[in-house]
Amino acid sequence: MSRRFVPVGRRILEQNIKARYHAGDIGTEDALHLFDELLQVAGRSSIHAINCLLTVVCRDCPALGVSLFNRVARSKVAPSSITYAILVDCCCRAGRLDLGHTAMGHIIKTGFAAEAIVNFNHLLKAICAENKTSYAMDIVLRIMPMFNCVPNIFSYSILFKGLCNEKRSQEALELINMMVEDGGSCRPDVVTYNTVIDGLLKEGEVGKAYSLFCEMLRQGVSPDAVTCSSIISGMCKLHAMDKAEEVLQQMLDRRILPNVATYNSLIHGYYLLGQCEEVDRIFKEMSRNGVQPNVVTYNIQMDYLCKSGRCAEARKIFDSMISLGQKPNVYTYSVLLHGYAMEKSFHDMHCLIDLMVENGIAPDHHVYNILISAYAKEEMVGVVMHIFTKMRQQGLNPDAVSYGAVIDLLCSMGRMDDAMSQYNQMITEGLLPGIIVFTPLISGFCSCGKWEKVDELFSEMLDRGICPNSVLQHNYGPPLQK
DNA sequence: CTAGGGTTAG
């Protein structure tokens with residue numbers, strides 16, 4: 001293994017790659033060329049440099065990363081555990097969880113399992129992103145220990161974030177308590193507490209969030225700017241601005257510096273209450289503390305303007321964002337798009353979408369849903385269905401909101417058979433219909449007197465744990481007395 | 001060379 005036996009040419013190439021990687025100086029194209037060059041002369045010393053190149057390619061084009069890995073596997077260079085970590089990450093980013101699992105199986109066979117925590121963690125993150133946190137939980141609690149791979153604080157944080165995203169913060173809370181009682185090497189840290197406090201607040205469990213915050217202090221874990229921003233955001237959403245300001249004051253007292261996310265929450269909170277003088281005050285405080293507005297700040301401001309019927313002013317902010325040093329993102333476009341939709345400015349909407357595509361930003365679910373509901377309001381079924389098809393062509397599956405808008409439209413036009421086939425389609429796709437789907441369907445069948453369908457849908461709604469709203473109570477009394 | 005948290009929208 002002595003360095004002396006590494007041929008000079010290879011060594012120079014490897015050092016060159018590592019240095020350039022560190023300087024952030026390797027693009028995907030360069031990485032591919034360097035990869036070809038290195039693989040021809042590669043030996044056991046080359047794996048570090050290969051990992052650097054794989055990282056670059058993986059970030060930009062995960063599918064290509066997987067094929068490069070296969071070339072490494074066929075060469076005489078043995079992949080390291082880090083190579084496998086990059087591979088699992090590639091598979092997951094490419095949306096190929098199946099390959100991620102295969103890679104993981106390979107890692108276990110190769111005997112890397114014990115040092116493969118990072119690999120498992122990549123996989124856990126991808127599994128949680130598909131809302132399969134129960135499965136991720138099984139991996140952490142049962143499968144990883146089976147391979148002598150001890151889950152670490154990262155594994156738990158990924159799991160907690162997944163649970164919170166699925167509105168299961170209560171379970172995360174129980175697991176935190178288990179971790180504390182266990183007293184082992186894996187204790188909750190500031191990120192763990194932040195994740196679960198935020199999850200509890202988002203589910204409206206303010207009391208439990210506060211208890212956990214106190215528990216965090218008892219355990220000697222100091223809150224940071226993220227902890228405080230989460231709490232402030234929670235208070236703002238409850239319109240409890242005095243409480244939010246109190247937390248801000250406590251932050252300053254504890255010398256925890258508020259950052260742009262903290263101020264954004266406050267700005268959003270005051271806009272929700274229409275208190276523009278307070279917004280101005282926060283902006284001044286922000287700049288006094290040297291915190292620059294970011295793209296989110298401008299999005300919040302534009303959203304307020306659009307919702308107040310002041311799209312033209314929002315557009316001025318949009319047009320000046322680049323010179324303010326902030327590039328509009330997909331949120332920015334949808335905020336403005338929604339504003340135009342409220343004004344029924346269809347021409348502006350289409351120009352904006354063209355601009356967004358031109359600027360390399362792909363329309364997402366929100367963007368399509370804004371379009372769908374705008375045309376649905378105009379009862380333009382043909383256009384709506386066309387957008388639906390186009391959405392699928394772009395590889396985006398319509399979500400419950402998209403279906404809700406389409407079903408609502410079909411029902412309001414009395415096309416109940418079409419509405420039901422959309423409903424069945426959404427069930428087939430594994431989507432959960434909410435009240436926004438059941439309301440138009442039940443009301444629609446009510447108005448054409450198809451009571452057996454009404455009964456059927458009503459029971460199904462109750463089975464799914466959805467409470468009838470006031471519209472349904474008004475249109476359809478009997479089952480409520482059940 | 002690989003892994004976790006907070007801000008905005010329909």
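Here the structure is a predicted model, which is why all the values come from computation and not from measurement. Here is the naming used below: chain letters follow the sequence lines, and residue numbers restart at 1 for every chain.
- Side-chain contact, A/Glu215 with A/Gln219: a donor N or O sits under 3.5 Å from an acceptor N or O.
- Spacing between atom CZ of A/Phe318 and atom P of B/dA9 amounts to 18 Å, rounded to whole angstrom units.
- A donor and an acceptor atom sit less than 3.5 Å apart, one in the side chain of A/Asp399 and one in the base of B/dG10.
- Contacts of A/Asn152 with the nucleic acid, taken as non-hydrogen atoms under 4.0 Å apart, include base atoms.
- For B/dA9, its base never sits under 3.5 Å from the side chain of A/Asn369 at any donor and acceptor pair.
- OP1 or OP2 of B/dT8 lies within a sub-4.0 Å distance of a side-chain N or O belonging to A/Lys237.
- Per the geometry, CG belonging to A/Leu248 stands 14 Å off C1' belonging to B/dG6, to the nearest Å.
- Residue-nucleotide stacking is not present for A/Phe154 and B/dG4, judged by a side-chain ring centre under 5.5 Å from the six-membered base ring centre and planes under 30° apart.
- OP1 or OP2 of B/dG10 sits under 4.0 Å from a side-chain N or O of A/Lys307.
- Listed nucleotides B/dG4, B/dT8, B/dT2 differ in distance to A/His122; the shortest reach to its side chain belongs to B/dT2.
- Among B/dA9, B/dC1, B/dG6, the nucleotide with an atom closest to any side-chain atom of A/Val335 is B/dA9.
- Side-chain atoms of A/Lys202 lie closest to B/dT7 of the nucleotides B/dT7, B/dC1, B/dG10.
- The nearest whole Å value for the distance from the OH atom in A/Tyr21 to the C1' atom in B/dT2 is 9 Å.
- In this model, the phosphate group of B/dC1 is not approached by any side-chain N or O of A/Lys18 to a distance below 4.0 Å at OP1 or OP2.
- Closest to the A/Thr192 side chain, of the nucleotides B/dT8, B/dG4, B/dT2, is B/dG4.
- For A/Asp224, there are no salt bridge (Lys or Arg N to Asp or Glu O under 4.0 Å) partners, not counting sequence neighbours.
- If you check every strand for non-hydrogen atoms under 4.0 Å, A/Ile82 touches a base.
- Nucleotide B/dG10 holds its C1' atom 15 Å from the OH atom of A/Tyr368, rounded to whole Å.
- Base contact: A/Ile153 has a heavy atom under 4.0 Å from a base atom.
- Between A/Arg93 and the phosphate of B/dT2, there is no side-chain N or O to OP1/OP2 separation shorter than 4.0 Å.
- Base engagement by A/Ser157 is indicated by at least one non-hydrogen atom pair under 4.0 Å involving a base atom.
- Residue A/His338 has a polar side-chain atom (N or O) positioned under 4.0 Å from OP1 or OP2 of B/dG10.
- Taking only side-chain atoms of A/Ala225, from C-beta outward, the nucleotide of B/dG10, B/dG6, B/dT8 with the closest atom is B/dG6.
- Counting any heavy atom pair closer than 4.0 Å across all strands shown, A/Ala341 reaches no nucleic acid atom.
- With centres under 5.5 Å and a plane angle under 30°, the ring of A/His48 is stacked against the base of B/dC1.
- Here A/Asp364 lies in heavy-atom contact (under 4.0 Å) with a base.
- Partner of A/Val291 under the side-chain contact (heavy atoms from CB on, under 4.5 Å) criterion, chosen from A/Val260, A/Asn264, A/Leu257: A/Val260.
- Looking at A/Asn259, its side chain comes within 3.5 Å of the base of B/dG6 through a donor and an acceptor atom.
- Listed for the A/Asp399 side chain is a donor-acceptor partner under 3.5 Å among the backbone atoms of A/Val401.
- Look at CG on A/Leu266: it is 13 Å from C1' on B/dG6, rounded to the nearest Å.
- Across B/dA3, B/dG6, B/dT8, the shortest atom-to-atom separation from the side chain of A/Val226 is found for B/dG6.
- Within the 4.0 angstrom heavy-atom criterion, no nucleotide atom of any strand lies near A/Val330.
- In the set B/dT8, B/dT2, B/dG6, B/dT2 carries the atom at the smallest distance from any side-chain atom of A/Val118.
- Taking only distance into account, the side chain of A/Asn264 never meets the base of B/dG6 through a donor-acceptor pair shorter than 3.5 Å.
- A/Thr262 comes within 4.0 angstrom of a nucleotide base, judged by non-hydrogen atoms across all strands.
- Look at CG on A/Asn329: it is 10 Å from C1' on B/dA9, rounded to the nearest Å.
- Using modelled atom types, one finds no donor on one side chain facing an acceptor on the other under 3.5 Å when comparing A/Arg168 with A/Thr133.
- Atom CE in A/Met104 sits about 12 Å away from atom C1' in B/dA3, given to the nearest Å.
- The side chain of A/His366 has B/dG10 as its nearest neighbour among B/dG10, B/dA3, B/dC1.
- Note on A/Tyr193: nothing from the nucleic acid sits closer than 4.0 angstrom, heavy atoms only.
- At the phosphate of B/dA9, OP1 or OP2 sits under 4.0 Å from a side-chain N or O atom of A/His268.
- Using a 30° and 60° split on the angle between ring planes, A/Phe346 and A/Tyr375 fall in the tilted class, from 30° to 60°.
- What separates OH of A/Tyr270 from P of B/dT8 is a distance of 16 Å, to the nearest Å.
- When heavy atoms are screened at a 4.0 angstrom cut-off, A/Ser233 is found touching the sugar-phosphate backbone but no base atom.
- A donor and an acceptor atom sit less than 3.5 Å apart, one in the side chain of A/Ser229 and one in the base of B/dG6.
- With sequence neighbours left out, the side chain to side chain donor-acceptor pair (under 3.5 Å) criterion links A/Asn119 to no other residue.
- In the set B/dT8, B/dC1, B/dG10, B/dC1 carries the atom at the smallest distance from any side-chain atom of A/His22.
- Using cut-offs of 30° and 60° for the angle between ring planes, the A/Tyr84 and A/His106 rings count as tilted.
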